[in-house]
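Step one of this worksheet: look at the structure below.
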Amino acid sequence: FYLAAAMAVRRQDDFGDYLYCDSVNGKGRGLLSRKSIGVGVEILREEPLFYISSGSTVCDFCLRENEHCKRCAACKLVWYCSQSCQKSAWKVHKLECSHLKNIPSPPTGELPHQSFRFVGRSLLLGQKEIDGSLLGMQDMESHLNLYARNTEAVSSLMFITAKYLGAGVALDEHIIVSAAAKLACNSMSVYNAELQNVGTALYSRLSKINHSCEPNCVVIFEGPLGHLRSIRPISENEEITISYIDVLNTTEVRRQQLEKQFYFWCTCPVCAKSSGDCKDDVSQLQVSLLTSQSVVASASTACSVCREDSSFPMAWNSEEAALATLASVKERLAHTSCGFGDYSPGHCRLKDAASDCCVALKRYADALFFSTATLAVHRLYYGVRHPSVGIQLLRVGKLCLAVDRDERAAGYFKEALAILQASHGDTHPLVRENVETYMGLLQQLQNQR
């Protein structure tokens with residue numbers, strides 16, 4: 001592992017045939033294209049310097065979801081899907097295993113276990129090169145002065161670090177806080193094929209890509225391996241961008257979320273166009289649709305739901321709980337007006353939640369109604385080529401199959417696959433699986449004619 005990490009550091013300036021690193025006006029350093037790039041091109045692939053899983057149903061080595069993961073018998077805090085994965089992970093996990101048992105159950109307000117575990121792993125892996133150079137972190141942005149202003153978080157970090165490393169270990173607050181700040185700014189959430197979070201990882205080259213609410217690329221993961229792919233045409237010397245957050249939110253919420261987590265005020269083309277007048281912004285939705293761009297969302301007349309930066313809580317363990325959640329969602333939809341009207345991001349999240357409730361209750365026709373109602377909003381906020389739109393189209397297509405609307409299902413599958421073949425690639429398991437379903441559906445429809 002250490003050899004691989006050291007080699008990764010030496011490769012930091014090697015960005016392949018498509019990319020180079022340079023200063024970007026107002027953003028520090030970023031990645032730019034050496035030449036014109038079409039849609040659906042894999043620009044870069046990279047293994048992480050290190051990573052962790054998101055919880056007990058995700059294997060800490062392969063990052064595959066498995067409800068039957070077994071936990072490490074020693075620390076009882078890390079989970080694996082097989083003995084093979086546990087054995088492969090041991091060369092890294094053995095560094096942290098005994099330390100994880102030292103972390104007390106934190107009181108409210110202190111760092112959650114998974115967040116600190118990511119920091120702790122970086123400290124242990126970087127011990128031989130205490131400045132972080134072994135891990136390729138030495139030239140990463142930290143915004144340390146801004147991060148350190150949160151004195152409560154810093155105090156919590158140092159308290160847990162002391163417990164984690166154990167008695168007798170000298171603590172250098174600057175090194176520890178600097179590592180935490182760099183990880184906060186440069187780590188990436190890892191997603192499965194359907195864009196659900198399965199972990200957190202640090203990459204030496206992918207971490208240099210700057211944010212835009214209207215990105216020209218996405219990072220698709222196969223386990224911890226990251227694939228940078230283009231989702232729209234890119235010109236020579238154009239900056240490469242991805243989205244650091246879910247852009248299905250108002251400009252106000254997106255900017256606040258980015259400032260809180262990454263310490264910058266977003267001035268991307270989408271945010272810069274926001275006029276503060278809802279009528280002007282809604283008129284730009286139509287322009288966005290015609291130009292395949294994402295939405296410009298004003299917050300001036302957004303409802304309270306739109307101003308929330310989190311999704312509607314989805315938790316139930318019985319039919320009664322699902323029904324109660326569905327009733328609550330419907331009530332909020334009925335009694336919350338929004339200046340965005342049909343383009344309300346908050347209402348879109350509520351409809352997604354309602355659809356999930358209906359699927360849990362096996363009310364597939366109702367689920368189809370709610371999911372279909374979100375498609376226009378997804379297209380406008382994400383842009384018509386974004387994989388989030390493809391995943392939503394797949395969902396609608398599968399719901400159509402569940403209620404025997406095969407003709408409609410075929411249309412949604414076709415549109416979804418056109419997006420996902422570009423964002424994920426033809427060989428990705430998600431694409432191969434659904435191409436097979438689509439071809440079988442076409443054959444079935446042909447036989448019925």
Open item on the list: Run Met188 and Thr200 through side-chain contact (heavy atoms from CB on, under 4.5 Å) and show every step you take.
Closed with: CA-CA 6 Å; Met188 300 180 69; Thr200 305; over 6 Å; no

Task: Check against side-chain contact (heavy atoms from CB on, under 4.5 Å), Val218 and Ile220 - done: CA-CA 6 Å; Val218 292; Ile220 299 296; 4.1 Å; yes

TODO: Carefully, step by step, assess Ile391 and Ser388 under the rule side-chain contact (heavy atoms from CB on, under 4.5 Å).
DONE: CA-CA 5 Å; Ile391 296 297; Ser388 293; 5.8 Å; no

TODO: Show your working on side-chain contact (heavy atoms from CB on, under 4.5 Å) between Phe50 and Leu183 and close with a plain yes or no.
DONE: CA-CA 11 Å; Phe50 62 96; Leu183 292 173; 3.7 Å; yes

Task: Tyr20 vs Asn237, side chain to side chain donor-acceptor pair (under 3.5 Å): CA-CA, chis, key distance, verdict - done: CA-CA 9 Å; Tyr20 67 96; Asn237 296 319; 2.9 Å; yes

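A donor-acceptor pair shorter than 3.5 Å cannot be found between the side chains of Gln421 and His424. Side-chain contact check for His227 and Glu222: at least one donor-acceptor pair (N or O, by modelled atom type) lies under 3.5 Å. Judged purely by distance below 3.5 Å, without hydrogens or angles, the side chains of Asn249 and Arg349 pair a donor atom with an acceptor atom. A donor atom on one side chain and an acceptor atom on the other are found under 3.5 Å apart for Asp406 and Gln444. Looking only at atom types and distance, the side chain of Thr374 has a donor-acceptor partner in the side chain of Gln392 under 3.5 Å away. At a cut-off of 3.5 Å, with distance as the only test, no side-chain donor of Ser423 or Arg229 sits close to an acceptor on the other residue.
Here the shortest heavy-atom pairing between Pro269 and Glu214 reads CB-OE1, 4.2 Å. Here the shortest heavy-atom pairing between Leu430 and Leu394 reads CD1-CD1, 4.3 Å. Taking each heavy atom of Lys182 and Ser142 in turn, the nearest pair found is CG-CB, 3.5 Å. Residues Leu420 and Pro387 come closest through the heavy atom pair CD2-O, 3.9 Å. Of all the heavy atoms in Asp22 and Leu32, the pair that sits closest is CB-CD1, 3.8 Å. Closest non-hydrogen pair, Leu399 versus Ser355, comes out as CD1-OG, 4.2 Å.
Of the listed residues (Leu63, Asp60, Val92), just one forms a side-chain contact (heavy atoms from CB on, under 4.5 Å) with Tyr51, and that residue is Leu63. With Cys213 as the fixed residue, the side-chain contact (heavy atoms from CB on, under 4.5 Å) test singles out one of Thr241, Thr251, Val270: Val270.
Residues Cys21 and Arg205 have side chains not in contact (no heavy-atom distance under 4.5 Å, counting atoms from C-beta outward). No side-chain heavy atom of Cys358 sits under 4.5 Å from any side-chain heavy atom of Asp356. Contact check for Leu445 versus Asn447: no side-chain heavy atoms found under the 4.5 Å cut-off. Between Phe221 and Asn192 the shortest side-chain heavy-atom distance does not fall below 4.5 Å. A heavy-atom distance below 4.5 Å is not found between the side chains of Glu415 and Val389. Looking only at side-chain heavy atoms (C-beta outward), Ser230 and Val41 come within less than 4.5 Å of each other. In this structure, Ser53 and Trp79 have side chains that are not in contact, with every pair of non-hydrogen atoms separated by 4.5 Å or more. Contact check for Val247 versus Tyr382: side-chain heavy atoms found under the 4.5 Å cut-off.
A donor-acceptor pair under 3.5 Å links the side-chain atoms of Arg34 to the main chain of Gly16, judged by distance alone. Between the side chain of Asn186 and the main chain of Glu141, a donor-acceptor pair closer than 3.5 Å is present. Put simply, the side chain of Ser33 gets close to the backbone of Ser235: a donor and an acceptor are under 3.5 Å apart. A donor-acceptor pair under 3.5 Å is absent between the side-chain atoms of Asp366 and the main chain of Leu361, judged by distance alone. Thr325 contributes a side-chain N or O that, together with a main-chain N or O of Ala321, makes up a donor-acceptor pair within less than 3.5 Å. When atom types are taken as modelled, the side chain of Tyr381 and the backbone of Tyr343 share a donor-acceptor pair closer than 3.5 angstrom.
Taking CZ from Phe15 and CG from Leu206, the interatomic distance works out to 9.5 Å, rounded to the nearest 0.5 Å. Considering SG of Cys400 and CD of Glu407, their distance stands at 11.0 Å, rounded to 0.5 Å. Rounded to the nearest 0.5 angstrom, Ile209 CD1 and Arg29 CZ are separated by 14.0 Å. The distance from atom OH of Tyr80 to atom SG of Cys62, rounded to the nearest 0.5 Å, is 11.0 Å. For the atom pair Leu146 CG and Cys185 SG, the distance stands at 8.5 Å (nearest 0.5 Å). Taken to the nearest 0.5 Å, the CG atom of Leu417 stands 10.5 Å off from the CE atom of Met439.
The residues Glu236 and Lys35 are annotated as not salt-bridged, no charged nitrogen and carboxylate oxygen being separated by less than 4.0 angstrom. Checked for salt-bridge contact, Arg395 and Glu194 miss the test: no charged N lies under 4.0 Å from a carboxylate O. We find that Arg255 and Glu252 are not joined by a salt bridge, their nearest charged nitrogen and carboxylate oxygen being 4.0 Å or further apart.
Crowding of Phe369 atom CZ: a count of heavy atoms from other residues, nucleotides or ligands under 6.0 Å not exceeding 12. Remark: Glu436 CD is loosely packed, at most 12 non-hydrogen atoms of other residues, nucleotides or ligands lying under 6.0 Å away. Atom CG of Asn145 has more than 12 heavy atoms from other residues, nucleotides or ligands within 6.0 Å. Summarising the local packing, OH of Tyr18 is surrounded by 12 or fewer heavy atoms from other residues, nucleotides or ligands at distances under 6.0 Å. Other residues, nucleotides and ligands contribute only 12 or fewer heavy atoms inside 6.0 Å of the NZ atom of Lys414. The local environment of CZ in Arg408 is crowded, with over 12 non-hydrogen atoms from other residues, nucleotides or ligands closer than 6.0 Å.
In this pair, Phe264 and Phe262 present their aromatic rings tilted. The plane angle is within the 30 to 60° band. A tilted orientation is assigned to the rings of His143 and Tyr263, their planes being inclined by 30° to 60°.
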